[in-house]
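Report on one structure; see the data block that follows.
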Amino acid sequence: MRSFSYLHKMIVFGILLSTLPILLTGIAAFIYSSKQSELHRAQANQQLLIQMQTNVEHKLATVSYMLDQAVRSPDTLHSLTSSSSVQGTGPLFAEKLQTEFKNMRSWEPLMDITLVNQTQDWLIDHAGLYLNTNFPLTLPMKDLLSNTLTSGWQLIPSSIFNNEERIMNSGCIYHIALARSIPHVYASSDTALIAGIPACSLQKPMEEDPMDSSAAGLIILNREQRIMVHPDPGYIGQPMSAAGIRDNDSRDNFSSLLSKREFAASSGQREVRIADTDYLLSYTHSSLKGWTYILISPTNILTHEYVQIGLHTMYISIAMLLLSLLLSWVGSRRMHIPIRKLLIQLGDRRWSKGHFKTSSMFHMDEFEQIRAGVSQLSASQSQLENKLNQYKLQIHTHFLINLLLGKNAPATIHDTLKEYGYESHLREWQQIAVVTVQADFLNQTKYNTKDRDLLLFAIQNILEESILAEQQLLPVVYEHAVVTIIGTTEKDHVRFSQHLYTLTEQLQHQISKILNLQVSIGFSQPHASLFHISQAYTEALEALKHRMKLGTGIIFQFEAMDHRTSHWSPSYPESLEYTLIRAIQNADEARASSLLHQLLEVLFGVECTPEEYQVALNRLLTHILQMMQESGIRLGQISQGHGSIFNELHALQYAAEVEHWFNGNIITPIILILKERQYAQYQHISEKMIAMIKQEYDKDLTLEECASRLHYNANYLSSVFRKEIGCAFSEYLTKYRFSMAKKWLDESDLTVKDIAARLCYNNPQNFIRSFRKWEGITPGQYRERKQKADLFP
């Protein structure tokens with residue numbers, strides 16, 4: 001029986017060798033991908049639940065904050081102490097409270113707020129004032145106030161807030177409410193403010209969130225495990241057991257699991273069953289209110305993902321199998337070429353025609369493969385040695401950076417330094433110090449920050465050539481600075497420090513001469529051990545921070561900074577800061593810039609540490625941001641979104657940079673926003689006043705009447721109108737009236753007396769005198785001139 005050729009054996013062996021790993025890899029990939037998909041789904045649900053919890057608690061915190069503000073409002077207290085009866089002065093205060101409630105609803109449109117007085121039997125909400133006869137109380141207010149005042153947020157019927165239209169539109173009949181008693185000596189104990197939001201509204205943020213469309217709904221339980229939020233409004237107010245959620249493992253109702261101690265104070269995920277459908281349930285407990293947040297999502301999404309993963313794995317495995325078959329066939333034939341050539345060289349010409357015959361010469365191919373493998377290994381070894389020589393400098397640099405950062409194991413430092421040729425340094429050095437050099441780009445015209453990398457490389461070369469090799473380790477570039485470790489055989493700390501000052505001065509002069517670049521140099525205290533290199537590196541960086549006070553081109557040793565007594569003045573320039581913030585609020589950019597310059601001069605005029613400068617600058621930035629938030633400006637309107645605004649401040653190195661950053665990044669954007677708001681407000685007011693003039697020019701319209709209608713001060717309206725229109729209110733009204741008078745004189749037969757009466761002039765002579773003053777002629781002369789112009793065009 002004829003045996004198979006060596007080529008066929010290689011083909012079969014290649015197919016078997018490639019098929020089994022591909023099958024095992026496909027199965028392992030499917031299992032791993034499925035587990036990762038399930039884990040990702042669980043993590044996504046947990047993150048979504050945390051996000052929803054944060055949104056809900058933030059919304060409730062906003063309502064609680066506005067409720068506290070309303071409780072302390074002077075209008076609220078005045079409405080209780082000054083109105084002895086609802087029919088007296090009460091409606092006036094009710095209108096003020098109604099306006100205040102509407103303003104509060106602009107922050108939270110779904111919030112309802114009601115001021116209840118059971119003693120006088122009335123209540124006020126954003127819609128107006130109601131007596132018990134007009135708006136009967138659907139719940140015992142005393143019980144409601146008792147529950148909410150003692151227990152916090154409560155679930156109450158929505159009808160208490162008189163919002164039947166909202167109930168009809170949304171189908172939500174419950175509110176989550178909170179009450180606050182009025183802290184006033186004259187207020188009745190049955191008087192309180194009640195605020196609430198519809199329970200269904202807490203479900204909307206999750207429904208609008210596109211992060212995870214597979215989530216079925218959010219459920220919130222209170223301390224008593226009663227449902228406060230549910231995708232189905234019909235379950236709101238019922239106990240958790242009514243929702244019909246059963247755990248797949250224990251087959252118990254999920255509410256009974258939550259009552260157990262190990263579940264009551266934890267968070268996690270369970271597989272549950274609701275109405276013969278499997279769901280994945282994530283839950284967490286809030287320590288703030290004792291509520292439980294539950295997120296349910298269908299598990300069929302995971303099943304669909306498993307199918308997709310299996311299909312993709314199968315397609316890839318099939319493609320890899322086909323590719324492996326092709327490669328096995330082609331590769332085997334290519335590997336058989338040396339055998340064929342050897343046989344041809346031996347004189348067997350049949351191999352040139354593609355015929356294969358079993359021969360003892362086939363065994364020579366094994367030795368050929370061994371020889372080729374040895375040759376290839378030798379070549380690879382040569383290439384590896386060449387690459388190692390190329391990467392030796394990079395590895396050396398990496399080791400020194402880790403040495404500066406303290407990441408190397410202490411036991412290996414000496415051995416590694418010996419490997420890099422520093423054995424004599426270890427034997428002779430008695431003290432070491434770290435020197436850091438940074439380029440100063442402030443007020444630099446020749447270079448900019450784009451040239452930083454090239455300049456640092458040049459400084460590194462200058463440093464390596466200027467200092468003897470036996471006095472330093474290899475300089476490295478790290479975090480925009482050139483760092484080197486300098487050692488000496490000198491045992492005296494003072495002499496070594498003097499030597500460092502001399503050395504750094506020469507180095508600074510040489511860099512300035514060669515590169516025409518100013519640099520700042522900071523170096524550490526002398527240390528007696530190489531194990532203190534990371535501490536010395538930290539000291540050198542701290543020394544460079546004194547550029548905030550001293551400016552550019554400094555040479556500073558950490559020892560002077562570390563042992564100098566700080567004379568920080570306890571009197572922070574609060575008056576200058578207050579004046580600066582007022583200038584920002586008034587949108588006075590020039591004054592704000594001048595005051596900022598004065599304030600920074602005062603701050604940097606005090607001798608203190610860089611950390612204390614940062615504290616003062618953080619305080620200034622915090623107060624400006626607080627004023628900005630109180631003015632209704634969000635941080636995102638001025639921030640570029642590249643990171644923390646405080647990190648940007650901490651990264652500044654010079655006083656001039658600090659002033660430029662405050663002006664350009666903080667103060668000027670805030671002032672521009674305030675100016676835009678001021679312009680929009682002025683334009684809106686002037687347009688309303690002009691509309692009143694055009695509609696009621698024939699009535700006794702005054703500036704005070706406009707101020708009363710627009711709810712502004714008359715002097716303020718006069719100033720705004722003059723700024724926007726360019727003339728006074730009375731002047732504009734008079735011009736408009738005379739324009740109407742000229743129109744009537746041209747187009748109608750009305751007498752001068754009738755026109756004067758229409759324009760609210762009791763005496764026609766006063767009208768004629770005023771007309772002559774503005775137009776230069778009397779009304780009669782104006783009409784005659786117009787008629788003559790029509791007859792003799």
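Here, residue 1 is the first one in the sequence, and each next residue gets the next number.
- We find the NE2-CD1 distance between His175 and Ile156 to be 7.5 Å, quoted to the nearest 0.5 Å.
- Separation of atoms CZ (Arg591) and OG1 (Thr579) is listed at 6.5 Å; rounding is to 0.5 Å.
- Rounding to the nearest 0.5 angstrom, the gap separating the NZ atom in Lys735 from the OG atom in Ser730 is 10.5 Å.
- Looking at every heavy atom in both residues, Ile194 comes nearest to Ala179 through CG1-CB, 4.1 Å.
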Quiz item: Step by step, would you call Leu193 with Thr114 a side-chain contact (heavy atoms from CB on, under 4.5 Å)?
Solution: CA-CA 6 Å; Leu193 276 165; Thr114 303; over 6 Å; no
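- With hydrogens and angles ignored, the 3.5 Å screen pairs no side-chain donor or acceptor of Ser718 with any backbone N or O of Asn715.
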Practice problem: Apply the test side-chain contact (heavy atoms from CB on, under 4.5 Å) to residues Ser64 and Arg180: give CA-CA distance (whole Å), side-chain angles for both, the deciding distance (0.1 Å), then the verdict. | Solution: CA-CA 9 Å; Ser64 177; Arg180 291 282 191 272; 3.3 Å; yes
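- A salt bridge (charged side-chain N to carboxylate O under 4.0 Å, His left out) check over residues 697-720, counting only residues at least two apart or in different chains, returns the pairs Glu696-Arg709, Glu705-Arg709.
- The shortest heavy-atom contact between Cys727 and Phe721 is O-CD2, 3.4 Å.
- Note: Met740 CE to Tyr697 OH = 3.5 Å, rounded to the nearest 0.5 Å.
- Between the side chain of Asp754 and the backbone N or O of Leu750 there is no donor-acceptor pair closer than 3.5 Å.
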Quiz item: Passes side-chain contact (heavy atoms from CB on, under 4.5 Å), Ser770 versus Phe738? Steps please.
Solution: CA-CA 9 Å; Ser770 298; Phe738 284 150; 3.5 Å; yes
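- Between Ile670 and Ile624, the closest side-chain pair of non-hydrogen atoms falls below 4.5 Å.
- The nearest pair of heavy atoms linking Arg772 to Thr778 is NH2-CG2, 3.0 Å.
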Which donor-acceptor pairs under 3.5 Å do the side chains of residues 757-769 make with protein atoms, sequence neighbours left out?
| from | atom 1 | to | atom 2 | distance (Å) |
| --- | --- | --- | --- | --- |
| Asn763 | OD1 | Gln765 | N | 3.1 |
| Asn766 | OD1 | Arg769 | NH2 | 2.3 |

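- A 4.5 Å side-chain heavy-atom check between Tyr732 and Arg737 finds every atom pair outside the cut-off.
- The shortest side-chain heavy-atom distance between Val229 and Ile176 falls under the 4.5 Å cut-off.
- Of all heavy-atom pairs between Ala583 and Leu595, the closest is CB-CD1, 4.0 Å.
- Inter-residue side-chain proximity for Glu574 and Tyr578 is flagged as unmet; no heavy-atom pair is nearer than 4.5 Å.
- With Gln695 contributing its side chain and Met692 its backbone, the two residues share no donor-acceptor pair below 3.5 Å.
- Counting heavy atoms from C-beta outward, Ile584 and Ile671 have side chains that approach closer than 4.5 Å.
- The closest side-chain heavy-atom distance from Val615 to Arg619 is not below 4.5 Å.
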Practice problem: Would you check, one step at a time, whether the test side-chain contact (heavy atoms from CB on, under 4.5 Å) holds for His58 with Leu60? | Solution: CA-CA 5 Å; His58 176 72; Leu60 297 181; over 6 Å; no
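- Side chains of Phe662 and Leu599 form no contact here, defined as non-hydrogen atoms less than 4.5 Å apart.
- Contact check for Ile645 versus Ile666: side-chain heavy atoms found under the 4.5 Å cut-off.
- Residue-environment remark: CZ (Phe646) exceeds the threshold of 12 foreign heavy atoms within 6.0 Å.
- Scored by the side-chain contact (heavy atoms from CB on, under 4.5 Å) test, Thr668 finds Glu589, Leu672 as partners (sequence neighbours excluded).
- Listed here is the closest heavy atom pair of Phe729 and Leu703: CE2-N, 3.6 Å.
- In this structure, the separation between CD1 on Ile197 and NZ on Lys59 is 5.5 Å, given to the nearest 0.5 Å.
- One distance of note links CD of Glu577 with CE of Met627; it measures 10.0 Å at 0.5 Å rounding.
- Across all non-hydrogen atoms, the minimal contact from Trp774 to Glu731 is CH2-CG, 3.6 Å.
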